[in-house]
Amino acid sequence: MDLRQKNKLLYARAAFGISLTDFGTPMPVAQAVDSLFPKAAPGNLDMITDADWLDNSPKALRMIGDDQERKEKQKEFRDRTKDINLVWVEAMVDSNYPLLEKVALFWHGHFATRFDNPYFDQKLLNIFRTQGLGNFRDLLGAVSKSPAMLQFLNNRQNRKEHANENFAREVMELFTLGRGHYTEDDVKAAARAFTGWNFDEYGNFIFKTKQHDDGIKTFLGKTGNLDGDDVLSIILEQKQTAVFITQKIYRFFVSDSKIDDRRVNELAEGFYQSGYDISGLLKKIFTSDWFYSDSIVGAKIKSPIELLVGYQRLLSLSFENEQTLINLQRVLGQYLFNPPNVAGWPGGKYWIDSSSLVIRMRLPEALLKSRDLDLSAKQTDPDAGTRQMAMAMDKQKPQQFKIGKVDVDWTPYLAYWRNYKTEELPAALAGFLLPKPLSQEQLNEVSNYADKDNNDDYIKSLTILMMMLPEYQLT
Amino acid sequence: MAISRRKFIQLSSLASASLMVPKFLKGFEFRPDLKMQGNKILVVLQLSGGNDGLNTVIPYRNDIYYKSRPLIGIKKDSAIALTDDIGLHPSLKLLKNLYDNGSVSIVNGVGYPTPDRSHFRSMDIWQSGSKADEVVTTGWLGRYLDQACADCNIHSTMAIEVDDTLSLAMKGKEKNAVAVKDVDRFHNAATSGFVRNLASHEEEHEAQLADYLYQTLRETVSAADYVYAQSKLYKTTQTYPDTPIGKQLKVVGNLINSNADTRVYYVSHGSFDTHVAQQERQKNLFDQLDGALGAFVADLKQSNRFDDVLIMTFSEFGRRVSQNASNGTDHGTASSMFLIGGGLKKAGIYNDIPSLADLDNGDLKYEIDFKQVYSTVLDNWLQTNSHDILGRRFDGLGIV
C-alpha cells in the first residue's frame, strides 16, 4: 500500500475521511498519526448554560402555575438537544482534531443514553470529548457519576431498602466485562454498592449516605463494605474489561466484519498494562503494520454520521434548512442522542437494509444537486424521564421532510482535479473516493453514465456516480 | 446465509424463468374466487405512543374506573356495549360489527414483567420480543424471516412494512423486511437506470461486505420490481379514507388481493400519547382507524381473503388508571390487544380486564405476556416454530 492510500485509510478510520490537501501531500504514518492527537485539552461545548438549566429544571418548572405555559417551556428546552446535536456535528466537520470527535462518537455509542434532557446530554458529551482520549478508569468513573447515566439507568431509585439493579447490570454487561463474566449475585452485590449514588439539582454527583447499604458484600470474589468506587475498581482489575473494550474499539476503528482474536488480545494486554491509556491503545493500532493491510481496507460500513460528516467535510455543504441534518440522521438510522437502546447502535451490517441502502444511494444527488428524497422519518416519541415531563409531551407529526437547498462549494475540489487529464479522471477519483480501486469495467460503466459536456461537469458527475456505488458505503 | 455472486445470478435467472412469470400470469388471471390455499397473512397494526386500553375496552360497570377518571371516563351510555361489563370506545363501530360476526378476539391486560414506561424502550421490548432486562438487536418478525425465508434469495418481499424506513420488529439477523410506503415511488427510486445497472453487475466481490451490499441491492431492485408489478394487478373498488392509516392499509389490501407472496405486513397508526386532551385525540385516531379498517376488511371480503388474514394490534404500553390534571393519562403498563380476522378459532372477549382494585403503584398488573400472543400467532397462524424465534416456549392462547 502506498503512503497516500495509508493516509487515506487512517483518516477514514481515525477521522471522517481524508481532505484533498492531505491526500495531495501524504505524510509518513507516524507523523500523520501524531498530528491527529490534540496537543491541548479541548474546550467544552456549552450550548446550554448552567443558568439555562436552573431556569428549566424540574424545580423551576414547578413554579410555573399555568399548565400550558409550563408545557411549552418544557418542550422548547427539550428540543435543544437538537442544538447540541447540530453543534457537535459542526465540530466533527470543522475540527482540526476530528479524532477527538470520532472517539467521542464511539463513547456516545458505548455509554448510550437517551432521555431528552439537553443539559445532561451536553454534560455527558463533554465527558466523552474531554476524557475520551484519556484514561478509561477516569472515563468510566466520570460517566458513572454523570447525571445522565444515573438517571437513565435508574440509580436514583437504587436505595438500601429497595435496590434497583439496572445500572449495576449494564455497567458490567455493556460497559466493561460483557455477558458471561459475572454472576447474578455479582449484580445484586454491585447494586447494593451503588446505592446512594445520586445527583443534586445542578446535576452534580452526590452520595446520599442514608440511602447507601453499608453492609458486607461479596463482588467478583472480593468481600468487604464495598461502595460504588470499589466496584468499579474491582471491575477494572479484571483483564476481561480491557479485552471487552479493545474488542469494541477494534470493531469501531478497524473492522466490523472480522475480529482477529490474537491481535485483539495482544492489544488488550498492552491496554491493561498501561493502566487503560486510551490514546496509547489507538496509537498502537494506527501505527501497526497490520492496520495497513488489504484485509482492513473496506472492512467497515460507514455509519450514517461518518457518511454525512464525510460529505460535509469534503464539499463544505451548508444546509438552508438545518433540520435536514436531523432528519437525515433519523432516516439513515443514527440519530445522535437517540440510540436505539442502552446497547447503542449495533453498527456493521445493521446499518444496511433495502430502504437505508436506497436512501444512501440517492444521497449524493440529494446533497450535491439539492434533489429531494421525498421521505418521512419515523416518529420517535420524546421520552418521559419523569411523570411531570411525560405530562407535557406533545407530538411531532410524522412529516415528509424536504432536503431544501444545499450549497456546495465545488471550487477547491474542481481546482484539484482539473490537474488531471480527462482519461485519468475516473481511476484517479475512484482512488480518492472509494476504499479500493475499481476494475476497468466498472470505471467504464461509471464513465458511460457521466456528464461529458465539459471537464468540470465530468468531474462533478463522476464524483456523484462514484458516491452512488455500494463501495462508497465502505471504508 | 451468504450466497456467491455467480450462484445468485443463476438462481435469479432461474427464478425469473420458472417462478416469477407464472406468478405474474396467475395475477393476470386473477379471479375473486381464486384463493391462495394455506397462504395465511399477518397484518401487524402498531398503535404508536401508548394507547389507553381502559378507554378502548371499557370496564363500564366498575366504580373505580369512573372514580379514577372523573372527566375522561367514557360513560356507559356512550360506549358501545359488548357485554354487561365491557364496552367499546364509541368510535369503533366497525370493530363492533366484526365482533358480532365472530371476527374479533380481545385479549386484555397484555404486558410483561417489570414494565418500562419509556416509549422507546418499551417499544424496543415489544418489537424485539425480548424481556425487559435484556437488549436484543433483532425484531421478532425479522427472526421469523430468518427462519421462514432462509432460502428465499430471489426477492425479500415475504414481509413488508408500509413506511419509508424499517422498524426493529422487521429486522432479522440474516434477513430484513422491505420498507415500501409508496409502491411507485419506491420502484422509481430503486430501479433508476444507474442503480438497476449496478444491481446487474456480475463480477465477484472479494470483500465480504461489498458482497453483502450488492446482494441487498439486487434484492431491493427485485423486490421493487415485484411489488410494482403486483400492485398493477388488482384495482380495488373500495374507497379507502385519505388518512395515513387509510393509505397504508390500501397498499396492503392491494398487495393481498393481487396474491403477492407477502406473509407479514406492518403498519403504524398514532400517536396515541394522550397526556393532554385525551378524549379528542383518541377519538380522532379511532375514527381514522375504524374507517380505514372498514375499507380494508370490505376489500378483503370482496375477494374472499378475509379468512386468510389476521390483523393484530398492539401498543408499547397502556396508560395509568387515573387520569392526570390535563384531562389526559400518563404512561402506564398493560393494555388490550385486538386480533381480527375471518379465521379465528376463539372469538369474543378472551379474558377479563385486570382488576382496578389491585394495582401496582397505580398501574394495571399484566395478566398475559405479549409473547404468548406472539407465540400463538407464530405457531398457529404463520405455522412456524415460536420457540426458536422467542427463545423459549410460551403458552399459546388458542385464538387462531
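Values below: all heavy atoms of this structure, side chains included; hydrogens, waters and symmetry mates excluded. Just so it is clear: chains get the letters A, B, ... in the order the sequence lines come, proteins before strands, and each one is counted from 1. Just so it is clear, the structure is predicted and the values come from calculations on it, not from any experiment.
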Asp256(A), Asp353(A), Val446(A): which one forms the most heavy-atom pairs within less than 4.5 Å of chain B?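 Option with the greatest count: Asp353(A).
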When Ile301(A), Val342(A), Asn166(A), Ile352(A) are compared by non-hydrogen pairs under 4.5 Å with chain B, the top option: Ile352(A)
Centre of Tyr144(B)'s six-membered ring, under 6.0 Å away, within 45 degrees of the axis: is that where NZ or CZ of Lys175(B) sits?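 No cation-pi geometry.
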Using a strict 4.0 Å threshold on nitrogen-to-oxygen distance, state whether [X] and [Y] make a salt bridge.
| X | Y | value |
| --- | --- | --- |
| Arg143(B) | Asp146(B) | no |
| Glu173(A) | Arg169(A) | no |
| Glu316(B) | Arg117(B) | no |

So which residue, [options], ends up with the most heavy-atom pairs under 4.5 Å with chain A?
| options | answer |
| --- | --- |
| Asn197(B), Val221(B), Thr329(B), Val178(B) | Asn197(B) |
| Asp163(B), Leu166(B), Asp133(B) | Leu166(B) |
| Asp182(B), Asn176(B), Thr137(B) | Thr137(B) |
| Ala177(B), Ser268(B), Ser167(B) | Ser167(B) |

Once the angle between the rings of [X] and [Y] is folded into 0 to 90°, is it parallel (under 30°), tilted (30 to 60°) or perpendicular (over 60°)?
| X | Y | value |
| --- | --- | --- |
| Phe314(B) | Trp126(B) | parallel |
| His110(A) | Phe175(A) | tilted |
| Phe152(A) | Phe120(B) | parallel |

Could you look at [X] and say if it's the side chain, the backbone, both or neither that has a heavy atom under 4.5 Å from chain A?
| X | result |
| --- | --- |
| Ala224(B) | neither |
| Thr274(B) | neither |
| Asp164(B) | both |

Pick one of side chain, backbone, both or neither for [X], based on which atoms fall under 4.5 Å of a heavy atom in chain B.
| X | result |
| --- | --- |
| Asp374(A) | both |
| Val358(A) | side chain |
| Leu357(A) | side chain |
| Met468(A) | both |
| Leu332(A) | neither |

Closest non-hydrogen atom pair between Asn324(B) and Asp330(B), with its separation: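 For Asn324(B) versus Asp330(B), the nearest heavy atoms are ND2-OD1, 2.9 Å.
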Check for a donor-acceptor pair, side chain of Gln473(A) on one end and backbone N or O of Leu213(B) on the other, with a separation under 3.5 Å. no
